[in-house]
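Below is one structure; the comments refer to it alone.
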2 protein chains.
Amino acid sequence: MKTKKSNILTLEQFKDKNYGQRGTKKRDELEAGYENFKIGSLIHEARIEKGLTQGQLAEKVGTTKSYISKIENNIKEVRISTLHKIVELGLGGHLELSIKL
Amino acid sequence: MKTKKSNILTLEQFKDKNYGQRGTKKRDELEAGYENFKIGSLIHEARIEKGLTQGQLAEKVGTTKSYISKIENNIKEVRISTLHKIVELGLGGHLELSIKL
DNA sequence: AAGCATGTTTCACTTTCGGACAACTTTATA
DNA sequence: TATAAAGTTGTCCGAAAGTGAAACATGCTT
């Protein structure tokens, strides 16, 4: 049996990997975009769950793997309508959104 | 005691009001944007719940009442980051986003 | 080690629409 | 019915969402 190697990182691991030294400007700026980070991993996790590659997901949605990669890594913020498309068309799931007061 | 008049419409009522005759092009297109409709009422409900006017909400978030109006009526799609600000700063709640597979 | 699949990143670009502003209409209160 | 407060709508511009190709990195498989 093959050992399943997860690419999913914790927030801190993600930042270490992508934004260098703790306490730096770039790293701190990410703090404000925490929600984005979450959306990226959300898609990432769902995609892995479905056993799709970025390329396959991209094709279903009608975009490119490079764009999917950017979204998963929170380099681009995705529009809700686009996110919706990715989830419905690409992952065959559905997007839920709620406000907790 | 004052009668509380709710502005919240069902999806069909909303469409009747804003998109005319059933079966028309424009009306059908809205189907694709159903999520937006939901987001609008979500914010609307939460705002009423908190007893805020559009202007007050706008001020807390650092935007304009006209923009809030458009969001609530699903005329404009809101960015996730802005939605996040509205919920956190404006409504004192927090935003949840999930993918159901 | 070569070839293949997957994912990341860069660069240059186009298009879209989020969001501000002002003017307007509607609703509420005196 | 006047006056203000709340909500709506038209217009416009720049930021950034999204595109796409190509090069690069990494890990598998044979």
Side-chain angles (χ1 to χ4, degrees), chain A residues 1-9 13-20 26 29 32-33 35-37 39-41 43-86 89-90, chain B residues 1-9 14 17-19 29 32-33 35-36 39-41 43-48 50-87 89-90:
Chain A
M1 180 176 270
K2 184 150 48 100
T3 44
K4 203 197 313 188
K5 182 174 141 224
S6 172
N7 288 324
I8 301 169
L9 307 174
Q13 285 169 340
F14 178 85
K15 289 196 212 166
D16 285 342
K17 180 170 180 289
N18 295 290
Y19 296 91
K26 198 170 184 192
E29 282 174 346
E35 292 303 314
N36 293 340
F37 168 72
I39 290 165
S41 356
I43 295 173
H44 179 84
E45 283 183 50
R47 178 174 64 79
I48 299 300
E49 192 77 20
K50 285 282 176 179
L52 296 171
T53 66
Q54 290 183 341
Q56 288 169 332
L57 177 57
E59 199 180 9
K60 282 174 177 243
V61 179
T63 181
T64 57
K65 65 190 180 128
S66 76
Y67 182 54
I68 299 293
S69 173
K70 282 170 201 166
I71 291 171
E72 287 191 10
N73 290 293
N74 310 285
I75 290 159
K76 297 266 184 186
E77 180 174 334
V78 62
R79 283 192 188 127
I80 294 173
S81 54
T82 306
L83 180 56
H84 188 239
K85 270 200 294 186
I86 291 171
L89 300 180
Chain B
M1 183 177 266
K2 182 155 47 106
T3 43
K4 204 196 317 190
K5 179 173 144 227
S6 172
N7 288 324
I8 301 168
L9 307 174
F14 178 84
K17 180 168 180 287
N18 295 291
Y19 297 91
E29 283 174 346
E35 292 304 315
N36 294 340
I39 291 166
S41 358
I43 294 173
H44 179 84
E45 283 182 52
R47 177 174 64 80
I48 299 302
K50 286 281 177 180
L52 296 170
T53 66
Q54 292 181 340
Q56 289 169 332
L57 176 57
E59 200 179 11
K60 282 174 177 242
V61 179
T63 179
T64 59
K65 68 195 177 122
S66 74
Y67 184 49
I68 298 291
S69 170
K70 281 173 190 170
I71 292 171
E72 287 190 8
N73 290 293
N74 310 285
I75 291 161
K76 295 278 183 181
E77 179 176 333
V78 62
R79 281 191 191 131
I80 295 173
S81 55
T82 307
L83 180 56
H84 187 239
K85 273 199 292 186
I86 291 171
V87 173
L89 300 179

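Chain letters run A, B, ... following the sequence lines, proteins first and then strands; every chain starts at 1.
- The separation between A/Gln56 atom CD and C/dG7 atom P is 8 Å, rounded to whole Å.
- Comparing the end axes of the helix from C/dA1-D/dT30 to C/dA30-D/dT1, each fitted to five base pairs by superposing C1' atoms of four pairs onto the next four, gives an inter-axis angle of 50° (nearest 10 degrees).
- Atom-to-atom, CG of B/Asn74 to P of D/dT8 comes out at 11 Å; the value is rounded to the nearest Å.
- Distance check: B/Thr53 OG1 to B/Ile48 CD1 gives 9.5 Å after rounding to the nearest 0.5 Å.
- Going from atom CD of B/Gln54 over to atom P of C/dT26 covers 15 Å, rounded to whole Å.
- In this structure, CD1 on A/Ile86 lies 4.0 Å from CD1 on A/Ile71, to the nearest 0.5 angstrom.
- The distance from atom OG1 of B/Thr82 to atom CD of B/Glu77, rounded to the nearest 0.5 Å, is 10.5 Å.
- From A/Gln54, atom CD reaches atom CD of A/Glu72 across 4.5 Å, with rounding to the nearest 0.5 Å.
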Taking only N/O atoms, report every protein-nucleotides 18-21 of chain D pair under 3.5 Å with atom names and distance.
from	atom 1	to	atom 2	distance (Å)
D/dG18	OP1	A/Thr82	OG1	2.1
D/dG18	OP2	A/Tyr67	OH	2.7
D/dG18	OP2	A/Arg79	N	3.0
D/dG18	O5'	A/Tyr67	OH	3.1
D/dG18	N7	A/Lys76	NZ	3.1
D/dG18	O6	A/Lys76	NZ	3.3
D/dT19	OP2	A/Thr63	OG1	3.0
D/dG20	O6	A/Lys70	NZ	2.9

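- The distance from atom CD1 of A/Ile39 to atom CG of A/Asn74, rounded to the nearest 0.5 Å, is 8.0 Å.
- Residue B/Lys65 contributes atom NZ, which lies 14 Å from atom P of C/dT26 at whole-angstrom precision.
- A/Glu72 places its CD atom 11 Å from the C1' atom of C/dT6, with the value rounded to the nearest Å.
- A/Leu83 approaches A/Val78 most closely through the heavy-atom pair N-CG2, 3.7 Å.
- Straight-line distance from the CZ atom of B/Arg47 to the C1' atom of D/dT8: 12 Å, rounded to whole Å.
- Applying the 4.0 Å criterion to OP1 and OP2 of D/dG7, one finds that B/Ser69 has every side-chain N and O outside that range.
- In this structure, B/His84 places its NE2 atom 19 Å from P of C/dG18, rounding to the nearest Å.
- Straight-line distance from the CD atom of A/Glu59 to the C1' atom of C/dT6: 15 Å, rounded to whole Å.
- Shown here for B/Leu52 and B/Arg47, the closest heavy-atom pair between the two residues is O-NH1, 2.8 Å.
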Could you give the side-chain donor-acceptor pairs of residues 58-66 of chain B under 3.5 Å, partners two or more places apart or in another chain?
from	atom 1	to	atom 2	distance (Å)
B/Thr64	OG1	B/Ser66	OG	3.3
B/Thr64	OG1	B/Tyr67	N	3.3

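- Taking side-chain N and O atoms only, A/Asn73 has no distance below 4.0 Å to OP1 or OP2 of C/dG7.
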